[in-house]
Amino acid sequence: MQERGEHSMKAMQFEVDGPMTWADATDPVAGVGEVIVEVAAAAVNRADLMQRAGKYPAPAGESDVLGLECSGTIVELGEGVTGWAVGDEVCALLAGGGYAERVAVPATQLLPVPEGVSLAHAAALPEAVCTVWSAIRELPEPDAGELALVHGGSGGIGTMAIQLLRALGWRVAATASARHRGLSAGLGAEIVIDYRSEDFVEIVKAATDGRGAGFVLDVIGADYLDRNLDALALDGVLTVIAVQGGTRAEVDLRRLMQRRVTLRAMTLRARPRTGGRGSKAEVVRQVRERVWPRFAADQLRPVIGATVPLAEAGRAHELMGSPEAPGGKLLLVR
Ligand SMILES: NC(=O)c1ccc[n+]([C@@H]2O[C@H](COP(=O)([O-])OP(=O)(O)OC[C@H]3O[C@@H](n4cnc5c(N)ncnc54)[C@H](OP(=O)(O)O)[C@@H]3O)[C@@H](O)[C@H]2O)c1
């Protein structure tokens with residue numbers, strides 16, 4: 001029998017820009033307030049590809065194994081954990097460690113598997129739901145007929161954003177590539193804009209009698225800043241959550257003032273575990289209370305583009321980086 005802390009589990013190991021291998025790793029130990037989850041499935045995020053390329057290291061003190069979300073069964077409770085029991089089926093928001101047989105998780109980052117969702121599919125939820133919720137939780141209630149524009153409406157984030165904004169009463173327009181039009185439309189986007197061949201500003205303006213979108217969720221950054229401001233209605237909110245199109249852009253502050261723009265930007269992984277409104281614990285608590293019931297109400301569902309065995313995660317990374325990426329989330333199952 002092996003002692004805890006010895007090489008007694010498998011996890012995905014990688015070297016920067018090298019291949020990934022499913023190899024022996026040190027079993028995690030449950031710290032104070034943590035549980036050990038036996039992983040059933042994990043999901044791929046673009047951040048995993050960046051971490052693998054050496055551009056997005058794990059935050060200090062967190063596991064350097066890839067994997068920002070997983071689902072599975074609690075097999076051990078650390079000191080001071082209440083409200084959870086060994087045997088509970090959960091999904092978890094992680095700062096790392098999901099591409100493994102077992103992972104230590106702060107109990108404050110656990111969520112129950114939502115009603116109507118399988119244990120494996122629940123792995124595709126924590127990162128997308130917590131990110132989207134963080135980005136929209138401060139929005140005012142939409143006026144009747146008010147439009148939100150979701151960029152990347154076919155991706156893991158966008159497919160969840162479309163559903164949640166619809167559930168909150170927004171009309172939704174989404175950008176996506178032409179081959180993913182049906183995916184975004186099927187989730188409730190009434191307008192799907194091919195970002196390669198169509199002008200989203202023109203289309204959003206036409207759909208709102210010239211007013212523009214009350215909210216824009218952006219994953220492109222610098223390349224879209226100017227056009228996002230053009231697409232925004234008076235008093236609109238632009239929230240940037242990714243910079244796939246660059247980090248630096250110039251902005252005319254007078255234009256922001258005149259249009260009464262709220263410009264926000266956020267990231268989830270770097271948030272502290274606990275400690276107030278911005279913490280992961282608080283985001284997860286709100287998600288459980290405000291978002292989770294919407295799965296049972298059939299307003300939300302995980303969108304799984306492809307499923308790959310966890311030990312072959314490299315194939316899923318290739319797929320995510322390829323022009324054939326299927327849309328939705330890529331799931332890694334044990
Ligand atoms: N701030 C945070 O805390 C946080 C958390 C999670 C994720 N993110 C970031 O958010 C971004 C989206 O994540 P994801 O999981 O949805 O990634 P994903 O599944 O890989 O999706 C990427 C999306 O971007 C779309 N896209 C690519 N170029 C575009 C363009 N020029 N205009 C509009 N859309 C474009 C793709 O559309 P097609 O596939 O249809 O071409 C796809 O929908 C990533 O950069 C990720 O790192 C940030």
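Atoms within a ligand are numbered from 1 in the order they appear, just like the ligands themselves.
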Any donor and acceptor pair, going by atom type alone, linking the side chain of [X] with main-chain N or O of [Y] inside 3.5 Å?
X: S279; Y: G276; value: yes
X: R181; Y: V192; value: yes
X: R271; Y: G278; value: yes
X: R334; Y: V39; value: yes
X: K205; Y: D230; value: yes

Look only at interatomic distance and state if [X] has a nitrogen or oxygen under 3.5 Å from any nitrogen or oxygen of ligand 1.
X: V219; value: no
X: A176; value: no
X: H180; value: yes
X: Y195; value: yes
X: G155; value: yes
X: G156; value: yes
X: M266; value: yes
X: R269; value: no
X: R46; value: yes

Distance col, row L66:CG vs M50:CE, nearest 0.5 angstrom, shows 12.0 Å

Contact partition for [X] relative to ligand 1, non-hydrogen atoms under 4.0 Å:
X: E127; answer: side chain
X: T267; answer: both
X: I157; answer: both
X: V243; answer: neither

Point to revise | Salt-bridge present (R227, D218; N to O < 4.0 Å) | key: no

Look at the rings of F200 and H151 and say which category their plane angle falls in: under 30° parallel, 30 to 60° tilted, over 60° perpendicular. perpendicular

Nearest non-hydrogen protein atom, [atom]:
atom: atom 1 (N) of ligand 1; result: I241 O, 2.8 Å
atom: atom 3 (O) of ligand 1; result: L268 N, 2.7 Å
atom: atom 36 (C) of ligand 1; result: S154 OG, 4.0 Å
atom: atom 23 (C) of ligand 1; result: G152 CA, 3.9 Å
atom: atom 24 (O) of ligand 1; result: Q244 NE2, 3.6 Å

Proximity winner for [atom], if only heavy atoms of [options] are counted:
atom: atom 4 (C) of ligand 1; options: D48, D218, T131, L49; answer: T131
atom: atom 30 (C) of ligand 1; options: F200, Y56, Y224; answer: Y224
atom: atom 9 (C) of ligand 1; options: A242, P326, A265; answer: A242

For L165 and L217, run side-chain contact (heavy atoms from CB on, under 4.5 Å): C-alpha distance rounded to whole Å, both residues' side-chain angles, the deciding distance at 0.1 Å, then the answer. CA-CA 10 Å; L165 286 162; L217 181 64; 5.5 Å; no

Exactly one candidate in E127, Q51, K329 meets side-chain hydrogen bond (donor to acceptor under 3.5 Å, both in side chains) with N45; the answer is K329

query = Do Y99 and H317 have ring centres separated by under 6.0 Å?
reply = yes

query: Given side chains that start at C-beta, do those of I193 and L149 come closer than 4.5 Å, heavy atoms only?
result: yes

Tightest non-hydrogen contact, residues E69 and A128, listed as OE1-N, 4.1 Å

